[in-house]
Each structure stands twice: as structure tokens, then as C-alpha cells.
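This structure is a prediction, so every number in the text was calculated from the model and none was measured.
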Amino acid sequence: MGGPGLSPSLSPSPSPGPSPSLVELISDADERGLAASGLACLDRCVPLLGGGDEVLRPLWASLAEDRPWDAALAEARVTLGGADVLEDSSADEAITLAYRMLGATPSRRTAAELREWADACSVAALQIHRLLDPGPAGGTGGPRSSAGARREGRTQTMSPLVAAELRRQTRILELLANPGAGTGGLRQALDVSTEGRRVLRAVVSRRARGSRV
């Protein structure tokens with residue numbers, strides 16, 4: 001009735017390897033994935049810039065149609081302003097980080113520029129969510145070191161707000177990791193980011209009400 005070994009159909013499946021960290025996903029992403037990742041981080045933080053939900057939609061459209069976004073970017077910068085914030089050393093840290101993301105957005109979508117920008121946006125967005133988190137785990141720790149640990153998969157003591165942001169960043173890169181994802185993957189990435197923007201808008205609104213009390 002056969003030898004002692006298992007038949008191929010009964011062989012145990014190999015255990016899946018660990019999921020790639022956010023750092024690894026950014027490292028492996030192509031230009032489209034990097035552009036969407038950075039833009040999504042910025043889009044979720046638009047409430048801090050006083051912008052409406054549609055202010056960055058022309059950049060998403062440019063990315064979906066694979067055409068330059070320099071004109072759309074210039075228009076968004078005019079609409080959102082921020083030069084005074086970046087020059088004010090006493091300005092709110094979360095708002096300053098969001099404006100730096102906008103200011104650093106590359107006009108030309110080259111791989112090298114996009115990778116540096118997407119990586120910086122990832123760190124900044126996590127730091128912004130940490131600063132805005134009202135819980136005991138929010139607002140503490142070194143900015144880049146704590147964000148870096150989370151992006152590498154060390155998520156102990158992570159607050160719910162930051163954990164949700166990390167999941168969104170990871171999900172967007174996963175959606176666009178498949179070269180065949182097309183506009184459908186980009187649309188799903190925008191949906192993920194839209195959900196995050198709604199969450200952050202609610203947090204910013206609560207914080208504003210609290211400061212007036």
C-alpha cells in the first residue's frame with residue numbers, strides 16, 4: 001500500500017513566510033505604487049491643511065491617467081498655502097509635518113524622487129497620527145525612531161489611531177504591488193485613503209473643540 005512517505009497530495013503545505021514590513025513594501029514598490037503611497041499619506045492629512053476632500057483629486061486623476069501632475073500640484077499648493085506655517089517655529093507640529101509633505105511632493109514622478117518622498121510621507125503620517133492620538137500611547141516617544149520601529153513591524157504599545165494608519169499604508173502598497181492592478185487597484189487605494197481622511201478629520205475636529213473649551 002505504498003511506502004512510508006506521504007503521498008504528494010497529503011504533504012503538508014509550506015508555512016507562509018512573514019508578511020513584508022512597510023519598509024520592505026516601499027523598497028519594492030514601483031513608481032506608481034510609490035506615488036500612490038505618498039499621495040495617500042498626504043491626502044489623509046488634508047484636514048490639517050484646512051483643505052476640502054476634493055483638493056487633491058486632480059493629482060489622483062493625473063496618476064490614474066499616467067500623465068504629469070505638475071500643474072495639479074501647483075494648483076493644490078496655491079489652494080492650501082502654508083508658507084507662513086513652515087516659517088513659524090512655534091507652529092503646531094502635526095500641521096507643520098503635513099505642510100512639509102506637500103512641499104516635498106516631487107513635480108516629476110521619477111523613481112528616485114518618489115521613493116524618498118513616499119518614505120518620508122510614511123514616517124510623517126505615522127508621526128502625525130501619534131501626535132493627534134488622545135490616548136496614553138499617543139504623543140510620546142521620538143518621532144522618527146518610533147515611526148521607524150512600527151514600519152519595521154515592531155508594533156508593541158501602538159495606539160489604535162497609529163495602528164489603523166499603519167494598516168492603511170500597508171494595504172495601499174499591497175493593492176498596487178501587482179503590476180496588473182490597473183486603475184482598479186488605484187481606485188481601491190483611494191477608497192482606503194478616503195476612509196482614513198474621514199477618521200483624521202473627526203480627530204482634528206474634536207481637538208479643535210477641545211482647545212476652545
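- Proximity of a side-chain donor or acceptor of Tyr99 to a complementary backbone N or O of Leu80 within less than 3.5 Å is detected.
- Legend: residues meeting side-chain contact (heavy atoms from CB on, under 4.5 Å) with Arg100, ordered by chain and number and at least two apart, are Leu86, Thr96, Leu97.
- Qualifying side-chain hydrogen bond (donor to acceptor under 3.5 Å, both in side chains) partners for Thr110, counting only residues two or more places apart in sequence or in other chains: Glu113.
- Within the structure, the salt bridge (Lys or Arg N to Asp or Glu O under 4.0 Å) test picks out the following pairs touching residues 46-55 (sequence neighbours left out): Asp53-Arg197, Asp53-Arg201, Glu54-Arg57.
- Not a single side-chain hydrogen bond (donor to acceptor under 3.5 Å, both in side chains) links Thr170 to another residue, sequence neighbours left out.
- Between the side chains of Asp70 and Ser107, no donor-acceptor pair of N or O atoms lies under 3.5 Å.
- In this structure, the side chain of Thr194 engages the main chain of Leu190 through a donor-acceptor pair within 3.5 Å.
- Of the possible donor and acceptor atoms, one in the side chain of Glu24 sits under 3.5 Å from a partner among the backbone N and O of Ser21.
- Not a single side-chain hydrogen bond (donor to acceptor under 3.5 Å, both in side chains) links Arg109 to another residue, sequence neighbours left out.
- The side-chain hydrogen bond (donor to acceptor under 3.5 Å, both in side chains) search around Ser89 returns none, not counting sequence neighbours.
- A distance-only check finds a donor-acceptor pair linking the side chain of Ser62 to the backbone of Pro58 [under 3.5 Å].
- No salt bridge links Arg171 with Asp191; every basic N to acidic carboxylate O contact stays at or beyond 4.0 Å.
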- Kindly determine whether Asp30 and Arg115 satisfy salt bridge (Lys or Arg N to Asp or Glu O under 4.0 Å), including the steps that lead there. CA-CA 9 Å; Asp30 61 12; Arg115 198 173 308 281; over 6 Å; no
